*Asks:* 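This structure is in structure tokens; I'll ask about it shortly.
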Amino acid sequence: MNVAQQAINGLVIGSGYACVALGWTILLGAARLVNFAHGQMYMLAAFICWFILTRSGIGYPLAAAISIVAMALLGVGMQLMMGRLVMTQNLTSLMIVTLGFGYILQGVAGLLFGGAPHTITTELVQQKIQFGDVWFTSQELLIFVVTLILYGVVWLVLQRTRQGAIIRSVAEDPKLAQLFGIDSRSVYIAIFVLEAVLVALAAVLVAPRTPILTSMGFEEVIITFVIVVLGGIGNVGGALIVGMLLGLFTSFFGALVTPAYTTAAIFAVLLAFLIAKPEGLRTR
Amino acid sequence: MMAAQQKPPILRVEGLGVRYGALTALAEMSWSVRDGEILGIIGPNGAGKSSCFAALTNSVSHAGDVYLAGEAVSSLATNELAKRGVRRTFQQNSFFGELTVLENMLSVLVGNHSASLATSVFMPWRQMAIRERGIAIAEAVLERFGIPLTYYDRLPGEIPYGAQRLLSIALAYGEGPRVLLLDEPAAGIGGTDMQHLLDVLLDLKRTGTPLVVIEHHMDLIMTIADRIVVIETGRLLAEGTPAEIQANPAVLDAYLGHAE
């Protein structure tokens, strides 16, 4: 086994995981909202990008941008529909509603795009970067770098800016925040749009690595859930670390044992971790 | 005196009405509060006192009009009113339970004492200076409301009840509202805490913050209020100075029952 190569694969897989999980980390941690349609939104963003690339002459960057804008609009629509549930922090109903919304997205995508696997082809996936006996693609480098930048920016916004402080108080108590002059409804819409944009960005970056299927949403939301919970619900730094570790685990487990049982093994790790440390990586 | 009479009241409500289904919680309610004045609102439980606050901050749908310094503001959302300086507290404590006392105070000051993303990224030293200044102001407000320094890093739930009540008022006060609405600030406190609260309220009045205070504690409200409005079953029963209210037969009737 080439340990260095497996480590690089692990970091690439891990930054992909972390990138996909970022939107939900903010949603759950900073705003106490859940979105079980997260995985299907990932799927839909990937398919919109694929559709544009295959049916028009538009290049990858622009197709990706269109896909992100489309998801942002979808995010606004979802949040407007769920507005009342969100203001009353009715998490159980939100869970069911978003889960249902996810299956609707999956059904619609199935009708539009069919059940066969497709691939998003980008030039960056074909560009190999070689160092001695290890290699990775330009796309993988892009995923890694963009993920680190996104986490840095999000951490800065949440910890060091007015918007971050406003989001924290809305997360604590949206009705009380209104009495302190904060427009909680708009803040929720903004957070949800951010979630949609981040998951779309993750999709157009990560999805080109593997074939895409309209049924892949569930797998994505499960991995995201594991990262968010292990990271310590809403702990941005924690999610990044857990995402990377999970990627390394996936890579080495696949190489040393078998790739077939990776998901099961990930859940075994989740169980063991939560039994030992129920609060995850959360500090307070 | 003449000049004060000519200026519009800082807050005036006119014909406020609130219905919860078939129940009329409040009807035809009108009162006003002037600069530097404390208006007391008293009445039996369920009389509609808190509905007054809910209606005028637009937290419930209601009839009637609200004027802030003469300007009609009935259609403004709760947060818009708060931005314009109409701040309230609740019978229950109103703070963020999972933020420390100091973080609570900072979150209230967020509009004026926080940095933009650009500042945080490109001028981190400025962001730190803004934060330091915000902390200084937050500490000054907490100190003014008599919340001891040793509580700043605690969660609100961990500090004594009297201090929690004062924290709720301090948060509503923020950097100085145009009018402060307090819903039973003395609920559940007594002894030295009560004296402390009295001092804080009189200090607010002295420094020019008009207050509307709903209170069951008669000693407190009769001591601090300039005028008192009595509400019974959602309607205005009487209005006047504390002395007038204490001598009003209709009020005595409502509070003590009919001597039949």
Side-chain angles (χ1 to χ4, degrees), chain A residues 26 28-32 83-84 86-89 91 148-191 194 197-198 232-236 279-280 282-284, chain B residues 53-54 57-59 76-90 92-100 103-124 126-128 130-131 134 153 155-156 168 171-175 177 180-181 183:
Chain A
I26 298 168
L28 190 58
R32 312 266 158 92
R84 279 170 115 184
V86 167
M87 281 304 284
T88 50
Q89 297 264 292
L91 289 190
L148 290 185
I149 291 173
L150 285 177
Y151 268 84
V153 170
V154 165
W155 185 85
L156 260 178
V157 168
L158 288 180
Q159 300 298 324
R160 293 272 187 273
T161 69
R162 176 172 312 145
Q163 288 72 21
I166 288 173
I167 289 172
R168 277 204 305 281
S169 48
V170 171
E172 279 284 327
D173 188 337
K175 302 238 166 184
L176 188 58
Q178 281 185 321
L179 287 172
F180 296 145
I182 292 167
D183 184 357
S184 300
R185 241 172 244 282
S186 306
V187 172
Y188 276 131
I189 291 177
I191 292 171
L194 186 63
V197 164
L198 285 173
I233 310 226
N235 179 345
V236 172
E279 71 280 11
R282 200 167 210 187
T283 44
R284 198 182 86 204
Chain B
F53 282 5
T57 55
N58 243 331
S59 308
L76 291 184
T78 310
N79 54 294
E80 265 309 312
L81 277 165
K83 261 193 203 163
R84 295 196 187 196
V86 180
R87 298 292 185 101
R88 72 166 292 189
T89 67
F90 291 90
Q92 309 82 4
N93 283 318
S94 30
F95 39 65
F96 300 117
E98 287 173 40
L99 303 180
T100 66
E103 285 168 348
N104 261 281
M105 200 67 231
L106 280 170
S107 71
V108 172
L109 305 177
V110 72
N112 295 330
H113 302 286
S114 52
S116 67
L117 179 60
T119 306
S120 288
V121 173
F122 300 112
M123 295 183 283
R126 273 218 50 184
Q127 186 270 332
M128 277 165 77
I130 290 171
R131 186 172 164 78
D153 291 329
L155 297 179
S168 299
L171 292 175
Y173 180 82
E175 286 194 273
L180 190 55
L181 314 171
D183 196 344

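The figures here come from the full heavy-atom set of this structure, side chains too, leaving out hydrogens, waters and symmetry mates. Since the structure is predicted, the reported quantities are computational estimates derived from the model, not experimental observations. Here is the naming used below: chain letters follow the sequence lines, and residue numbers restart at 1 for every chain.
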*Asks:* For the atom pair CG (B:N104) and OG (B:S94), what is the distance rounded to the nearest 0.5 Å?
*Replies:*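 The CG atom of B:N104 sits 10.0 Å away from the OG atom of B:S94.
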*Asks:* Please classify the contact of B:T78 with chain A as side chain, backbone, both or neither, using a heavy-atom distance under 4.5 Å.
*Replies:* both
*Asks:* List for me each residue that meets salt bridge (charged side-chain N to carboxylate O under 4.0 Å, His left out) alongside B:R88, sequence neighbours excluded, and say none if there are none.
*Replies:* B:D183
*Asks:* Report the option among B:L117, B:T57, B:T119 that has the most heavy-atom pairs separated by less than 4.5 Å from atoms of chain A.
*Replies:*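 Top count of heavy-atom pairs under 4.5 Å with chain A: B:L117.
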*Asks:* Which answer fits B:L171, side chain, backbone, both or neither, if we ask what part of it has an atom under 4.5 Å from a heavy atom of chain A?
*Replies:*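 Contact with chain A: backbone and side chain both.
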*Asks:* Would you say that A:Y188 contacts A:P174 through its side chain, given a criterion of any heavy-atom pair below 4.5 Å between the two side chains?
*Replies:*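 Yes. Closest side-chain heavy atoms under 4.5 Å.
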*Asks:* Using 0.5 Å steps for rounding, measure from the CZ atom of B:R126 to the OG atom of B:S116.
*Replies:*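 Separation between the atoms: 8.5 Å.
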*Asks:* If I measure from the heavy atoms of chain A, does B:A77 come under 4.5 Å with its side chain, its backbone, both, or neither?
*Replies:*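 Answer is neither: B:A77 stays 4.5 Å or more from chain A.
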*Asks:* Can you measure from CD1 (A:I182) to CG (A:L176) and round to the nearest 0.5 angstrom?
*Replies:* 9.0 Å
*Asks:* Report the option among B:R84, B:K83, B:Q127, B:R131 that has the most heavy-atom pairs separated by less than 4.5 Å from atoms of chain A.
*Replies:*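 Greatest number of close heavy-atom pairs with chain A: B:Q127.
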